[in-house]
Amino acid sequence: MIRGTSEARDRVPPVGRRTSPPPEALRGEIASVLIGPSRLRRRIAQMGARITADYSDKEVVVIALLNGTLVFLADLIRTMDFPFRIETLRVSSYSGGTPDSSPRIREDLPRRIRGRHVLVVDDILDTGRTLAAVTRRLRQARPASLRICVLLDKTIPRSVDIRPDYVGFRVPDVFVVGYGLDFAERHRNLPFVAELRADTH
Ligand code: IMP
Ligand code: MG
């Protein structure tokens with residue numbers, strides 16, 4: 001077993017709206033910058049330090065949900081100072097699914113995670129349906145432990161019981177893009193997390 005979750009020991013920074021205006025060229029699409037590059041870097045370093053303290057003597061498999069997690073994953077793993085294996089899962093949006101629908105996972109994944117300590121990494125926790133479905137499937141493979149790490153946690157009432165163990169920031173209930181997150185495949189490459197203009201989506 002591993003110790004109680006770091007979330008309990010950690011105060012997750014809340015992010016307000018309208019933190020700073022977007023660059024001129026993006027004003028048509030982006031309402032405001034919510035989390036800038038240096039704030040992201042500092043917080044992710046804290047998360048990596050906690051994850052390192054919790055996992056350094058374990059056999060760990062990091063499972064990243066693509067594509068939104070790509071940028072976060074690349075930065076997070078460089079703050080994790082212990083050996084681990086990385087697996088990726090492509091999960092499509094669950095907007096039309098029920099909380100009980102199970103995503104298909106790669107056939108060889110259960111064998112790779114059985115008895116290992118699994119850390120599932122995702123970009124943003126919204127309704128929680130995606131992570132609930134994925135973790136339900138992964139638990140069937142009987143990992144030694146399973147924890148969830150998300151960069152962003154939207155402050156919304158949730159019907160799905162999902163409690164992430166490592167959270168970067170709590171964000172307001174707005175549509176966010178940048179730092180890997182997209183709207184119709186756009187804005188993943190922005191180096192900050194931003195609020196999309198409401199009239200854009
Ligand atoms: P959930 O199943 O509702 O928790 O949705 C999770 C997935 O939806 C995330 O991993 C994202 O890919 C996507 N998503 C939810 N909210 C946003 C957002 O504000 N911006 C971009 N993608 C989002
Ligand atoms: Mg996603």
Side-chain angles (χ1 to χ4, degrees), residues 7 12-19 22 26 28-36 39-40 43-44 47 62-77 86-106 118-139 146-201:
E7 165 79 345
V12 179
V15 172
R17 293 183 72 180
R18 315 242 171 272
T19 301
L26 289 168
E29 296 164 275
I30 302 295
S32 67
V33 175
L34 299 179
I35 316 168
R39 199 173 174 199
L40 282 164
R43 179 61 181 154
I44 290 167
M47 297 173 82
V62 171
I63 300 186
L65 307 192
L66 300 182
N67 289 331
T69 308
L70 276 173
V71 179
F72 174 44
L73 180 76
D75 283 345
L76 180 70
I77 60 173
I86 298 177
E87 302 288 349
T88 56
L89 264 186
R90 180 178 291 274
V91 191
S92 47
S93 170
Y94 272 76
S95 45
T98 69
D100 294 328
S101 59
S102 269
R104 280 215 309 273
I105 61 172
R106 238 178 42 224
V118 168
L119 181 65
V120 179
V121 179
D122 202 4
D123 50 1
I124 183 166
L125 182 61
D126 188 11
T127 65
R129 285 181 183 181
T130 310
L131 275 171
V134 167
T135 54
R136 189 180 310 112
R137 287 289 285 121
L138 294 176
R139 282 200 175 93
L146 187 151
R147 283 183 174 182
I148 295 170
C149 172
V150 293
L151 176 65
L152 306 173
D153 183 5
K154 264 194 201 176
T155 37
I156 57 163
R158 250 174 226 129
S159 54
V160 177
D161 183 25
I162 188 110
R163 271 164 258 183
D165 301 279
Y166 306 93
V167 176
F169 301 90
R170 290 205 207 289
V171 292
D173 185 15
V174 295
F175 201 88
V176 295
V177 293
Y179 200 69
L181 291 108
D182 74 306
F183 172 65
E185 297 302 326
R186 286 190 34 80
H187 305 307
R188 288 194 202 278
N189 50 338
L190 296 177
F192 45 76
V193 175
E195 175 180 347
L196 196 67
R197 277 179 60 148
D199 54 5
T200 319
H201 62 105

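Below, each value reflects all heavy atoms present in this structure, side chains not excepted, and no hydrogens, waters or symmetry copies. Counting from 1, the numbers follow the sequence of the chain as shown. Just so it is clear, the model here is predicted, and its values are computed rather than measured. As the structure lists them, so they are numbered: ligands from 1, and atoms in each ligand from 1.
Between the CZ atom of R90 and the CG atom of N67 there is a distance of 4.5 Å, given to the nearest 0.5 Å. Rounding to the nearest 0.5 Å gives a distance of 6.5 Å between CG of D182 and CZ of F175. Atom OH of Y179 sits about 14.0 Å away from atom CD1 of I124, to the nearest 0.5 Å.
In the candidate list V176, V150, D182, D173, V176 is nearest to atom 20 (N) of ligand 1, counting heavy atoms.
When each atom of ligand 1 is checked for a heavy atom of D122 under 4.0 Å away, the hits are 10 (O). Annotation for ligand 1: atoms under 4.0 Å from non-hydrogen atoms of T130 are 1 (P), 2 (O), 5 (O), 6 (C). Close approach to V174 involves these atoms of ligand 1, each under 4.0 Å from a residue heavy atom: 19 (O). Atoms of ligand 1 lying under 4.0 Å from any heavy atom of T127, numbered from 1 in the order shown and given with element: 1 (P), 2 (O), 3 (O), 4 (O). Below 4.0 Å from some heavy atom of L181 lie the following atoms of ligand 1, by number and element: 20 (N), 21 (C), 22 (N). Atoms of ligand 1 lying under 4.0 Å from any heavy atom of K154, numbered from 1 in the order shown and given with element: 16 (N), 17 (C), 18 (C), 19 (O). In the vicinity of D123, heavy-atom distances shorter than 4.0 Å reach the ligand 1 atoms 9 (C), 10 (O), 11 (C), 12 (O).
The shortest N or O to N or O distance between V177 and ligand 1 is not under 3.5 Å.
Between the side chain of T69 and the backbone N or O of D123 there is at least one donor-acceptor pair closer than 3.5 Å. Put simply, the side chain of R17 never gets that close to the backbone of L34: no donor and acceptor are under 3.5 Å apart. In this structure a side-chain-to-backbone donor-acceptor pair under 3.5 Å is present from R43 to G168. In this structure, K154 contributes its side chain and T127 its backbone to no donor-acceptor pair below 3.5 Å.
Here T69 has no heavy atoms under 4.0 Å from ligand 1, in either its backbone or its side chain. Residue-level proximity to ligand 1 for I124 is carried by backbone and side chain together, each with a heavy atom below 4.0 angstrom.
Residue contacts with ligand 1 do not include G68, since none of its heavy atoms lies under 4.0 Å from the ligand.
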Derivation and outcome, side-chain contact (heavy atoms from CB on, under 4.5 Å), residues L181 and L152: CA-CA 10 Å; L181 291 108; L152 306 173; 4.0 Å; yes

